[in-house]
Each structure stands twice: as structure tokens, then as C-alpha cells.
Amino acid sequence: MGSSLGINYGQVANNLPSPEAVVPLVKSIGSTRIKLYDTDPLILKAFANTGVKFIVGVANEDLKKLRDPKQALAWVKTNVQHYLPATKITCIVVGNEVLTYNDSILSSNLLPAMESIHIALVNLNLDKQVMVTTTHNLAVLQTSYPPSSGAFRTDLIQKLTCILDFHSKVGSPFLINAYPYFAYKSNPKQVQIDFVLFESTSGVVDPVSGLRYDNMFHAQVDAAHSAMEKLGYKKVCLQISETGWPSKGDANEAGATPENARKYNGNLLKLIAEKNGTPLRPNLDLKVYVFALFNENMKPGPTSERNFGLFKPDGTPAYDLGFNVSGSVTTNTTSEGVSQPPVTGSSPADSSSSGYLSITSDSERVRSTLLLLLLLSCLCLNGSTFQQLWLM
């Protein structure tokens, strides 16, 4: 299980332990892959010669600057080459969920920045060991039900086609953030809890492909696979850059409990260890990065946003996942130097995504899209059929 575990190391907090103290904690849970939202030098130096592989991030606000090949080259030299080979940086994520911000200027800078950074890696002879990609949330999908009908938003097809073409040419993965939790939170009366926690005994059958889905996570992933295939990019590798479940939430945040977090992440780790892929891609060794390493006390939004961590800031488990963790770690209570990565799943409201497979932390958007799905279902299916498809 440990060799396959990837983890997001967010730092929107003022009470996290020093990176040096985090190293043994990461080793104790057997994680060999870490994803950052920046290029924090303290973390990259602390993990030198540990063998842990890193994904580092470029902030959305830096995309415009990094379109310039000279700026991109300087950035790569300072933030990547400087730490190699002692720290194993294997991937650069350029921007976070850029396309669903519905910001045309920001979106227009995404691919040029990715290309400039890749060219910089080529010029430094690093392109064979460091990949370039970006992350997307599932609001890039126009259709997500059933999974075989997954399709990208029509207004994003041109941009996504160009991005997928880039991935195809350079061999880098297409990354998505997938959160069944948000689908359940937005409509707990209609989304079956066992289906989102990997504990469904009946599952759901895709009426088009005939494939059986025992959990929403696989259904979300295969909806993205189907969308990629429709654009002609079946061979581009898809990976999960974020998924997780909060252990605490506000009164109106259904399902945010330690027990549900334990079930979701525990069953997810078992799924990762089995390496059985998805119903549509059964031979795929799906790489998954769990969100997150720590609870982050300075994240804005509802209580759940501050409680996605596997661990509390003192290094003790937020709930029992069976990790052999020895004691607590010393925390750093100063807020100085705290980086501010993008808030998970907080892309601006957008009404283009539909279905129970879409994810977002914006509950109003989810409610509207679910109502749209239910309306469409009434037109296309009788009530009992709809329940058989999704409420089992």
C-alpha cells in the first residue's frame, strides 16, 4: 500500500511542524510521492536524499510571467534544477484548476506557460526526468452521467484539445481533482453514502457500456477517460491529483465525520494497493494523490476545508487509518513564511458541469446542476429507472 501512496502537502496554516519533522512522518506512512502547491525551499531541502518524488507547483498568478521563455528558464533553474538530483522533482504542475475560473486572460496564459517551462527543461536536458502538466477539476465536464457519455464542456474543447495534444507529445499526464464527498454533501438524500465510500453492495451499471461501477470515484475517473477518448486522446495517461474526505464539518455539511473520512481514505488506499484500474481501464495503475497530509487551520470557507488532513498539526492521526505513527511532532506556531496554495475545490461558480459525478465545494453550483440533472432525468427516464441507475 505504501509504495503507491501519494499525498498533497498543503501549508495554509500557522501551526504546522517544520519540514524536517515531517520527513519521518511521511516515511512512517510509507508515502513515496508528495505534491506541493509551490516550490517551498525548506521542504525541498528537507527531503533531499530521501528518495521521495515531488510534484511542484506554479501559482496561477505567475502564468503570465512564465509565458516568456527567458522567465521560464530562470524559474526552472531556481526552483527545480537547483534541487536536483538530491531532491527528486519529477513533475511541475503549471496552475491549479485554471480553466474553470472562467477567466479568459488566465486561461490564455496556461498552455503558453506550460510550453515555455517544457522548453526550458529541454534546454537544460531535464525534460526526460521532469514532466509538465496542470490540474483540472471535474467541472471541465459538460456530461458526466453515465461515465461512458463523459464529455468536456463545449466552450473548453478547443483549449483542452490543445492541452491534451501537448500531453500526448511530451508524455505527461492529464491531472484531475476528484471529490465524491462534494457530490454527497450537496444532496445526501439522493446520493447513496455507501456508493461514495466504496462500500456499495449493489453498485451501478452504465446503461451504455454495460460496465459495473461499485463506487463514485471510479465513475468520476471514467467519465474523464471517456471525455478524453472522444477527443482522440485515449492513450494520454490520466492521474488523480487530489481526492479526499474531511473528518469534521459544519452542521450543514453532511457526511463530514471521522468515521466517514476513515472509510473513504481507508478504502481508497486498499483500492490503490490492488492496482486493478477502473472498469473502463482495468489494466491502469492509477496514481492517486490524497488530500491532504495535515489539517490546515487558515484555509477559508466552511469547517470541512480545514479538516481534510490525515494528520493533526502535532503529527497525531486525525482518525485511525492503521498507520504505525510514533508519537507527535513539534509544531511551528509562527505564521511567517506560510505559503498560500489555492483552496481545494474552490473554483468559481460555474453552471456547465452536471450530474452526480461532478465535484465542487461550491454547494450552490452543485445544487443547481443536480436539479438540472433531475429535470433532464424526468424527461428521459421514469423515476424507478433513475433510482436504479444512481440511488442503489
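Keep in mind that the numbers below use all heavy atoms, side chains included, and drop hydrogens, waters and symmetry copies.
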Partner residues of Y233 under the ring-ring contact (aromatic ring centres under 6.0 Å, His included) criterion, sequence neighbours left out: none
Tell me, do W245 and N260 make a side-chain contact under 4.5 Å, heavy atoms counted? yes
Can you name the residues that form a salt bridge (charged side-chain N to carboxylate O under 4.0 Å, His left out) with E115, not counting sequence neighbours? none
Any non-hydrogen side-chain atom of T39 less than 4.5 Å from a side-chain atom of V80? no
Which residue is it: T135, L160, T134? I am looking for the one with a side chain to side chain contact (heavy atoms under 4.5 Å, CB included) to F174. L160
Quick note, ring-ring contact (aromatic ring centres under 6.0 Å, His included) partners involving residues 104-131, not counting sequence neighbours, are H118-F166
Solution key, residues 84-95 side-chain donor-acceptor pairs under 3.5 Å, sequence neighbours excluded:
unit_1, atom_1, unit_2, atom_2, d
T87, OG1, L44, O, 2.5
T90, OG1, F54, O, 3.4

Just wondering, do N187 and K189 contact through their side chains at under 4.5 Å, heavy atoms? yes
Just wondering, do V191 and M216 contact through their side chains at under 4.5 Å, heavy atoms? yes
Hydrophobic cluster of V208, others only, ordered by chain and residue number, side-chain cut-off 4.5 Å: none
Are more than 12 heavy atoms from other residues, nucleotides or ligands located less than 6.0 Å from atom CD of E274? yes
Those residues that, when tested against K169, pass salt bridge (charged side-chain N to carboxylate O under 4.0 Å, His left out) (two or more places apart): D165
Any residue meeting ring-ring contact (aromatic ring centres under 6.0 Å, His included) with H218, in chain and number order, not counting sequence neighbours: none
Among residues two or more places apart or on two chains, list those pairs meeting salt bridge (charged side-chain N to carboxylate O under 4.0 Å, His left out) that have a residue in residues 246-261. K185-E253, E259-R262
Is there a side-chain contact between Q142 and F152, using heavy atoms and a 4.5 Å cut-off? no
Once rounded to the nearest 0.5 Å, what's the spacing between atom CG of L25 and atom CG of L310? 9.5 Å
Sequence neighbours excluded, the answer for side chain to side chain contact (heavy atoms under 4.5 Å, CB included) partners of P112 is R67
Would you check if F47 and V23 make a side-chain contact, meaning some heavy-atom pair closer than 4.5 Å? yes
Any salt bridge between D68 and K70, counting N to O under 4.0 Å? no
Looking at Y37, does the NZ or CZ of K35 lie under 6.0 angstrom from its six-membered ring centre and within 45 degrees of the ring axis? yes
Knowing that exactly one of Y264, Y179, Y289 qualifies, which makes a side-chain hydrogen bond (donor to acceptor under 3.5 Å, both in side chains) with T243? Y264
Is any side-chain heavy atom of T32 less than 4.5 Å from a side-chain heavy atom of V52? no
Counting only heavy atoms not in K230, do more than 12 sit closer than 6.0 Å to its NZ atom? yes
With a 6.0 Å cut-off on the ring centroids, do Y184 and Y181 count as close? no
Identified side chain to side chain contact (heavy atoms under 4.5 Å, CB included) counterpart of V290 within the set N265, L321, N8: N265
Closest heavy-atom pair and its distance - N102, R153: OD1-NH2, 3.1 Å
Measure the shortest side-chain to side-chain distance between C162 and K159 over non-hydrogen atoms and say whether it is less than 4.5 angstrom. no
Got a sec, which residues hit salt bridge (charged side-chain N to carboxylate O under 4.0 Å, His left out) with K263, two or more places apart in sequence or on another chain? E199
N/O donor-acceptor pair under 3.5 Å between D222 side chain and H225 backbone: no
Residues which pass salt bridge (charged side-chain N to carboxylate O under 4.0 Å, His left out) with D214, listed by chain and number, not counting sequence neighbours: R212
Check which hydrophobic residues are tied to V122 through side-chain heavy-atom contacts below 4.5 Å, counting indirect links as well, and list them. none
